[in-house]
Structures are given as structure tokens and as C-alpha cells.
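Before any comments, here is the structure.
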Amino acid sequence: MRSIVAYTEEIDDLDEACEELFGQVRDFPLASNTMAILFTEEDTDYPALYERLSRRWDFPVMGCTAMAMLSGEQGYCRGGISVLLLTADDCRFSVGITDELDETRYQEQIRRLYQELEAQHDSPVKLGVCYYGFPVDSHELSGSGLLAVLRQAAGEMPIYGGTASDNLTFTGYRVFCNDREIKNALALALISGNVKPRFVRVNSVEHTAAFSYEITKAHENVVYRLGKQSFVETLREENMRVDQKNMMTAYILSPFVVTVDKGSGDKVKVARVLSTLDLETGSGTFLGVMPEGAVLSIGLINRDDVCRSVEKAFAEILRELSREKNECSTLLVTSCAARFLALMNDPAAEAQAYLGRLPEGVSLMGLYALGECCPVRGEKTGKEYNMFHNFTFTILAL
């Protein structure tokens with residue numbers, strides 16, 4: 001599989017934007033099977049953009065909005081349009097998107113999409129890449145919940161991707177697939193054939209505060225009780241903010257950390273974003289699952305920890321690339337929006353970890369997301385589990 005990344009800052013004049021993108025890939029030869037992943041800022045008129053792209057590109061396009069992007073050549077990109085082309089003779093791609101996800105039927109919608117895409121392959125699917133959007137205050141649609149349904153349909157097939165993001169209004173995000181633009185939907189690409197995905201995930205949370213409580217009542221992504229008190233009562237007792245319903249911006253740099261038991265002795269530590277509070281029930285809604293019996297603590301995020309984690313991620317993947325001798329051509333990355341905020345005075349800091357260090361012929365593209373999907377190894381067995389994360393930096397190498 002080969003790849004190339006094209007990028008333009010232009011979003012107002014889409015004819016000019018497309019000419020820039022076409023020009024950057026003009027000399028890149030396409031194989032018999034090709035697909036594109038596209039990220040763009042929320043103000044872009046995606047339907048008009050796709051109408052122009054499709055005049056020359058007869059292959060599928062999928063992606064989402066992003067509050068900021070990463071490129072192998074440009075580094076940090078605050079806005080614009082970024083496109084990754086993947087092409088191969090010995091791989092097959094199938095791409096699709098759900099309708100607007102219905103809270104009562106989203107399981108059926110995701111399963112049906114997976115089955116339709118899987119049926120287009122004549123060999124086992126080896127990788128899924130997904131981008132999706134969901135209301136941050138939903139009790140039914142969550143990052144973990146949507147991934148869990150896809151995981152049930154796909155079995156142990158690795159799944160990589162993230163959530164659409166915007167400029168932290170949590171209203172401007174959208175998901176794309178060909179000529180369709182949908183707000184709360186899941187776009188999915190399945191890849192079979194000669195593909196060998198490798199994953200790196202590093203956590204931004206190196207330190208935790210004294211806050212530590214057992215989750216004694218929870219359902220999916222909603223926590224009702226910590227110890228003997230309601231979730232809200234516990235926050236109030238710890239002198240933490242409980243003065244409004246929507247808490248994303250208030251807690252986006254104060255992650256809640258839990259350890260998830262995956263069975264067989266495997267435990268995985270993940271961080272979660274608190275999105276809303278319900279002062280009547282005393283509960284808190286998170287972007288990912290919060291299991292009963294887990295111990296909940298408060299993580300601390302700072303710029304130095306963020307920079308160390310991305311350096312660690314690229315040190316690991318660059319070591320692997322040096323051993324593989326041109327077997328890898330593509331790095332797809334996803335970084336948490338909270339990491340972006342922690343770097344506000346130096347937003348290009350993450351890009352410094354790879355600029356000028358990528359092997360020749362290796363493309364890189366990524367986005368800052370509200371949540372990250374990436375397999376993670378269990379502590380005991382080393383088995384990889386598909387999981388939804390917050391506050392991480394992840395890499396998919398192809």
C-alpha cells in the first residue's frame with residue numbers, strides 16, 4: 001500500500017482549493033484500488049467540496065471535521081483541508097456511512113453498515129477505520145457505546161479512528177462519506193488484503209490528584225454514585241465545579257481516570273471526559289464507558305507531559321519503521337483535543353516530534369479529536385483490545 005497527503009489552507013474558494021489538492025497529487029500513480037480520508041475545518045462547505053473532488057476522483061472519500069490537523073510536511077495545521085490517499089493493487093477498500101444515528105436503533109444501523117461493507121470483500125477484513133459524531137450529552141450514544149457495537153459486529157478485527165471535532169462549540173462537527181454529510185453518524189472503511197496494521201497509544205495523564213473513589217452505581221457512560229454519595233455530591237465535597245449542566249470546557253483539562261477490567265487478568269487504564277451533570281439525579285455523563293467497581297481518580301494534564309508522550313509515541317514507531325525496511329508508507333494519527341488545549345501557547349509542539357524525522361516515502365496525516373479509537377494491549381496477556389480513549393495520542397502505521 002502506498003499513500004500521499006495533500007493539504008490546502010483555502011476553504012473559501014473551493015475551485016482554488018481543489019486545484020491545489022489535485023496539483024499536489026498529480027504525479028502520484030494510483031493503483032487499481034484507492035480511497036481517501038479527508039479532514040477539514042468546520043466552516044468548509046463539504047458537499048460543494050466533494051462535488052468538485054468527484055469530478056476527477058472516482059474513488060470513495062470519508063472523514064470528518066477537525067478543530068486542527070497534523071500533516072507530515074506542514075506539521076501543525078490550524079485549519080484548511082487535508083486529504084490522505086491510500087492506494088494498492090493487493091488491498092481492497094469498502095467505505096460507507098450510517099444514517100443519522102437513532103438512539104433506539106443505532107446498534108442495528110452500525111451492524112447493518114458493517115455487514116454491507118464486509119460483503120464487498122472476498123478475503124478476511126484486517127482493519128477498520130472509523131470516524132463518528134455523537135451528542136456529547138447523550139446517555140445512549142457515547143464513544144464507547146458506538147465502538148462496542150462495531151466491535152461486536154467485527155469480532156477481534158482492529159479498529160482505529162476518532163470522533164469529529166469542532167472549535168469546542170460541540171455543535172459544528174460533521175462526518176463525511178462521498179456526497180453525504182451527517183452530524184451524528186459513523187463513517188467506516190474496511191480494508192482487506194496485504195495490510196499489516198500496527199498501533200501505538202500513549203496516555204497524556206502521568207499524574208493524578210488525591211481524589212479517589214469507587215464507582216458504586218453506573219450505567220454505560222453515566223456515573224450515579226461514588227462510594228455512598230451521588231457523583232455530584234462527591235464533586236461538591238471536593239470543591240469541584242457543579243454549577244452548570246454542560247461541563248466539557250470546565251473539565252477538559254481535568255480527566256477522570258479509571259481502570260477497566262478486560263478479563264483474563266488484563267486491566268487497561270483509560271481517561272474520560274466529563275460532559276454533563278444532572279443536578280436532579282446527581283449523576284455525571286462521560287464520553288466513554290465508566291464501569292461499576294472501578295476506582296475513579298482525577299488526572300492532571302500539563303504541557304510537559306503532553307510533549308513527553310508524543311515524543312515517546314514517535315520514538316516507538318520510528319524504531320519499528322527502521323526495522324521494517326520500507327514495509328510502512330502511512331502514519332495516521334489521532335490526538336485528543338485536550339492535548340491541543342494544554343499546548344495553547346505552543347500548538348505546534350506535537351508536530352516537532354516528527355518533522356524532519358519521517359523516513360523517505362512515509363506519509364502522515366492526523367486530527368485533534370474529542371475521542372480516540374485505538375487497540376491497546378492488556379497488561380497481563382498482551383492481547384490487543386479495541387477501546388475508546390480520551391487524553392491520548394495514537395498512531396496507526398500501515
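The analysis underlying the following values was restricted to heavy atoms, covering all of them including side chains, and did not include hydrogens, waters or symmetry mates.
- Among residue pairs with one or both ends in residues 105-131, those qualifying as ring pair (Phe, Tyr, Trp, His ring centres under 6.0 Å) are Phe39-Tyr131; sequence neighbours excluded.
- With rounding to the nearest 0.5 angstrom, the CD atom of Glu372 is 9.0 Å from the CZ atom of Phe391.
- Considering all non-hydrogen atoms of both residues, Tyr132 and Cys373 come closest at OH-SG, 3.1 Å.
- In this structure, the separation between NE2 on His219 and OG on Ser283 is 12.0 Å, given to the nearest 0.5 Å.
- The number of heavy-atom neighbours closer than 6.0 Å to NZ of Lys126, taken from other residues, nucleotides and ligands shown, is above 12.
- Clustering of Ile, Leu, Val, Met, Phe, Trp and Tyr by side-chain heavy atoms under 4.5 Å joins Ile4 with Ile11, Leu14, Leu21, Phe22, Val25, Phe28, Leu30, Leu38, Tyr46, Leu49, Tyr50, Leu53, Trp57, Phe59, Val61, Ile81, Val83, Leu85, Phe176.
- Expressed to the nearest 0.5 Å, how far CD1 of Ile395 lies from CG of Leu364 amounts to 7.5 Å.
- Salt bridge Lys312/Glu316: absent, no basic N to carboxylate O contact under 4.0 Å.
- Here the shortest heavy-atom pairing between Pro60 and Asn178 reads CA-OD1, 3.2 Å.
- More than 12 heavy atoms of other residues, nucleotides or ligands shown are found within 6.0 angstrom of CD on Gln244.
- When all heavy atoms are compared, the tightest approach of Thr163 to Gly371 is OG1-N, 2.8 Å.
- Salt bridge annotation for Glu156-Lys383: present, with a cationic side-chain nitrogen under 4.0 angstrom from a carboxylate oxygen.
- Crowding of Glu238 atom CD: a count of heavy atoms from other residues, nucleotides or ligands under 6.0 Å exceeding 12.
- The pair Asp99-Arg180 meets the salt-bridge criterion, since a charged nitrogen lies less than 4.0 angstrom from a carboxylate oxygen.
- Using a 4.0 Å cut-off between a side-chain N of Lys or Arg and a carboxylate O of Asp or Glu, Lys245 and Glu280 do not qualify as a salt bridge.
- Counting non-hydrogen atoms of neighbouring residues, nucleotides and ligands closer than 6.0 angstrom, the CZ atom of Arg377 reaches no more than 12 such neighbours.
- Applying the ring pair (Phe, Tyr, Trp, His ring centres under 6.0 Å) test to residues at least two apart or on different chains, none of the pairs has a partner in residues 179-202.
- For the 3.5 Å distance criterion, the side chains of Ser138 and Glu103 qualify, holding a donor opposite an acceptor.
- In this structure, Phe286 has its ring center closer than 6.0 angstrom to the ring center of Phe256.
- Residues meeting the salt bridge (Lys or Arg N to Asp or Glu O under 4.0 Å) test with Glu350, sequence neighbours left out: Arg339.
- Between Phe134 and Phe170, a ring centre-to-centre spacing not shorter than 6.0 Å is recorded.
- Partners of Arg241 under the salt bridge (Lys or Arg N to Asp or Glu O under 4.0 Å) rule, at least two apart in sequence or in another chain, are Asp243.
- Atoms CE and CD1, on Met387 and Ile159 in that order, are 12.5 Å from each other to the nearest 0.5 Å.
- To the nearest 0.5 Å, atom SG of residue Cys77 and atom CG of residue Leu70 are 7.0 Å apart.
- Contacts of Arg272 classified as salt bridge (Lys or Arg N to Asp or Glu O under 4.0 Å), with partners at least two apart in sequence or in another chain: none.
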